[in-house]
Amino acid sequence: MKRIPLLFLFLTLCCSSVFAGEKTVKLEMERNGVKVLIGKDVFTVFRFGLDRRKPLFYPVTGPNAYELLEKACKSSPPDAEGRKVVVVSEAAQLHKESGDPETAPFGKVLVAERVDGDKVYVAGSNAWIARTDIAPVAGIVVRLINDNPTNTKNRKEPDFYDHVHHKGIWFAVDEIDGIKFWMEDSLVNTTQVSIVEQSGPTASFKYSTVWLSKEDKPVLEQDTLVTISADRLITYDATLRPAKDSVHIGDTKEGFFAIRLPHGMQENVSGGPVTNAEGKVGTKDTWGRPSPWIDYIGKVGEEKFGVTIMDAPQNPWKSRYHVRDYGLFSVNPFGDGAYTAGTPEALPAHKRDLTKGESLRFVYGLWVHGGDSGLEKVAEAYKTFANGIKK
């Protein structure tokens with residue numbers, strides 16, 4: 001047997017150690033979700049159970065969220081928002097110093113008393129939960145789901161909760177045979193999920209859905225490859241096919257690949273900036289326009305984060321952006337008429353019939369980053385995204 005030189009072995013071990021660190025993405029399959037870890041931290045969870053009307057990514061964290069939780073536990077009042085965490089594992093448990101652990105359900109919000117290494121001690125429970133089972137609210141860049149919202153009318157108030165169909169990151173559109181899937185009038189049912197590449201600098205999974213009519217009849221089929229890189233870039237590659245002889249896709253601003261940002265990141269609260277690739281600034285001047293990308297900056301607590309949505313140059317035609325000052329942020333290829341109505345550039349309403357055997361493929365990117373990344377890095381991230389798309 002050939003001997004392995006000690007220097008080679010040492011370098012191999014060192015490289016493996018680095019590769020297994022914070023720049024590694026790892027996917028963990030659960031019954032109703034795929035948990036995405038970057039190093040020791042949860043970036044997001046792809047949820048596909050029938051507890052929601054469509055699959056979605058929820059929650060989603062920006063960089064250094066766990067460090068922000070540690071900071072809040074040391075310096076913030078016990079009831080501070082920055083001390084809260086969201087349970088993100090289906091098998092998450094609260095471990096006590098003695099006795100059996102207790103189950104902590106997915107989505108439950110807990111308050112951290114302190115952080116000790118990779119353990120978070122939960123206030124008032126004399127128990128701890130693992131770092132890999134939580135997402136710190138101090139770094140979550142999507143609005144927390146609230147199934148029992150208040151009736152607050154002021155959009156700038158923290159407890160204002162409109163458009164209950166806006167959940168995490170999602171993919172849906174209205175006017176599919178007249179059905180308003182964006183509005184959750186009918187179900188997008190996930191039929192299959194499998195991991196393609198479990199870990200590395202990137203990781204990927206694929207899933208299939210059937211968009212159902214109100215009578216639970218198949219209308220549209222969707223096959224999607226999701227690739228996630230260690231710098232928090234999501235590449236969403238979706239192919240749509242009719243599930244019957246013909247499907248009519250109408251003109252609508254309500255679509256397509258979307259995120260709902262949290263209260264603090266809203267332009268009408270923190271001021272943005274919201275900037276597109278052509279240098280236009282503000283939701284008013286970027287809404288309804290095509291662009292390679294739009295970057296939306298805002299605050300979560302006292303920390304700035306950014307979310308960039310990208311339109312792939314390989315797409316069959318350019319998309320437009322449904323980007324609002326109250327935190328809705330999406331890209332949509334099916335709304336030329338709706339977005340340009342009443343303007344000098346008004347276009348005919350988008351109408352398309354997709355017949356059996358035809359398909360449409362759209363690829364979009366979403367990059368979560370620190371708020372001080374700068375537009376040069378946004379442009380670099382876009383190039384990485386566009387150059388990485390497979391034929």
Side-chain angles (χ1 to χ4, degrees), residues 17 19-49 51-52 56-142 144-148 168 193 195 198-199 203 205 228 230 232 262 300-301 303:
S17 177
F19 184 71
E22 62 182 9
K23 287 297 181 182
T24 298
V25 185
K26 182 181 178 183
L27 305 182
E28 294 183 356
M29 180 70 78
E30 299 186 327
R31 178 171 180 156
N32 292 308
V34 179
K35 184 165 68 172
V36 182
L37 293 160
I38 297 179
K40 295 179 179 180
D41 295 320
V42 176
F43 170 43
T44 188
V45 181
F46 175 69
R47 294 285 290 175
F48 53 85
D51 58 327
R52 300 293 172 190
L56 66 152
F57 296 83
Y58 178 82
V60 184
T61 66
N64 304 316
Y66 198 73
E67 288 76 7
L68 291 171
L69 174 64
E70 289 183 295
K71 180 181 177 182
C73 287
K74 290 177 181 177
S75 59
S76 299
D79 59 348
E81 193 76 6
R83 285 177 174 258
K84 294 180 180 178
V85 300
V86 177
V87 177
V88 294
S89 298
E90 292 176 21
Q93 293 186 324
L94 293 172
H95 300 269
K96 298 185 177 182
E97 299 304 323
S98 60
D100 295 332
E102 296 179 3
T103 300
F106 185 95
K108 185 176 179 61
V109 177
L110 305 172
V111 178
E113 180 181 300
R114 70 181 190 278
V115 173
D116 184 0
D118 294 334
K119 296 179 180 180
V120 175
Y121 285 84
V122 179
S125 69
N126 193 30
W128 59 270
I129 191 169
R131 175 178 185 167
T132 53
D133 288 335
I134 57 97
V137 169
I140 292 178
V141 298
V142 295
L144 298 188
I145 293 175
N146 184 352
D147 291 320
N148 297 289
V193 182
I195 291 176
Q198 186 157 24
S199 64
F205 66 92
I228 299 171
R232 287 177 160 77
V300 180
E303 192 75 12

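Not measured: the values here are computed from a predicted model.
Judged by distance alone, the side chain of R83 and the main-chain N or O of A112 form a donor-acceptor pair under 3.5 Å. At distances below 3.5 Å, not a single donor-acceptor pair connects side-chain atoms of S76 with backbone N or O atoms of C73. With E90 contributing its side chain and N32 its backbone, the two residues share a donor-acceptor pair below 3.5 Å. Listed for the S89 side chain is no donor-acceptor partner under 3.5 Å among the backbone atoms of A91. When atom types are taken as modelled, the side chain of T61 and the backbone of V42 share a donor-acceptor pair closer than 3.5 angstrom. For the pair Y58 (side chain) and G107 (backbone), a donor-acceptor distance under 3.5 Å is absent. Using modelled atom types, no side-chain atom of T103 and backbone atom of Q93 make a donor-acceptor pair closer than 3.5 Å. With hydrogens and angles ignored, the 3.5 Å screen pairs no side-chain donor or acceptor of E102 with any backbone N or O of L94.
Atom-to-atom distance recorded for K71:NZ and N64:CG is 11.0 Å, nearest 0.5 angstrom. Remark: D51 CG to I145 CD1 distance equals 8.5 Å, nearest 0.5 Å. In this structure, NE2 on H95 lies 13.5 Å from CG on N126, to the nearest 0.5 angstrom. Separating the CG atom in L27 from the CD atom in Q198 is a distance of 6.5 Å, to the nearest 0.5 Å. To the nearest 0.5 Å, atom CD of residue E28 and atom OG of residue S199 are 10.5 Å apart. Within the model, atoms OG of S125 and CG of L110 stand 7.5 Å from one another, a figure rounded to the nearest 0.5 Å.
Contact check for I228 versus F43: side-chain heavy atoms found under the 4.5 Å cut-off. Taking the side chain as every heavy atom from C-beta outward, V86 and L144 approach each other to under 4.5 Å. Inter-residue side-chain proximity for V111 and D79 is flagged as unmet; no heavy-atom pair is nearer than 4.5 Å. Between E81 and V137 there is a side-chain heavy-atom pair separated by less than 4.5 Å. At least one side-chain heavy atom of P63 sits less than 4.5 Å from a side-chain heavy atom of R232.
The heavy-atom pair separating V25 from A203 by the smallest distance is CG1-CB, 3.7 Å. Across I129 and D133, no two heavy atoms sit closer than the pair CG1-CB, 4.0 Å. Contact record, E30 with F48: O-CZ, 4.1 Å, taken as the closest heavy-atom pair. Of all heavy-atom pairs between A135 and P59, the closest is CB-CG, 3.8 Å. The shortest non-hydrogen separation linking F205 to V193 is CD1-CG1, 4.4 Å. The shortest non-hydrogen separation linking V87 to A92 is CG1-CB, 3.5 Å.
Of the residues V88, L56, V60, the one that meets the side-chain contact (heavy atoms from CB on, under 4.5 Å) test with V45 is V88.
Within a 6.0 Å radius of NZ in K35, other residues, nucleotides and ligands contribute more than 12 heavy atoms. When the shell of 6.0 Å around CG of D118 is examined, it contains more than 12 heavy atoms from other residues, nucleotides or ligands. Counting heavy-atom neighbours within 6.0 Å of D100 CG, excluding the residue itself, gives a total of 12 or less.
Of the charged side-chain nitrogens involved, at least one lies within less than 4.0 Å of a carboxylate oxygen, so that D147 and R52 count as a salt-bridged pair.
Cation-pi geometry between R114 and Y121 is satisfied (NZ or CZ under 6.0 Å from the ring centre, within 45° of the ring normal).
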* Would I134 and Y66 satisfy side chain to side chain contact (heavy atoms under 4.5 Å, CB included), going step by step from the backbone distance to the final call? -> CA-CA 9 Å; I134 57 97; Y66 198 73; 4.3 Å; yes
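In this pair, F46 and F57 present their aromatic rings tilted. The plane angle is within the 30 to 60° band.
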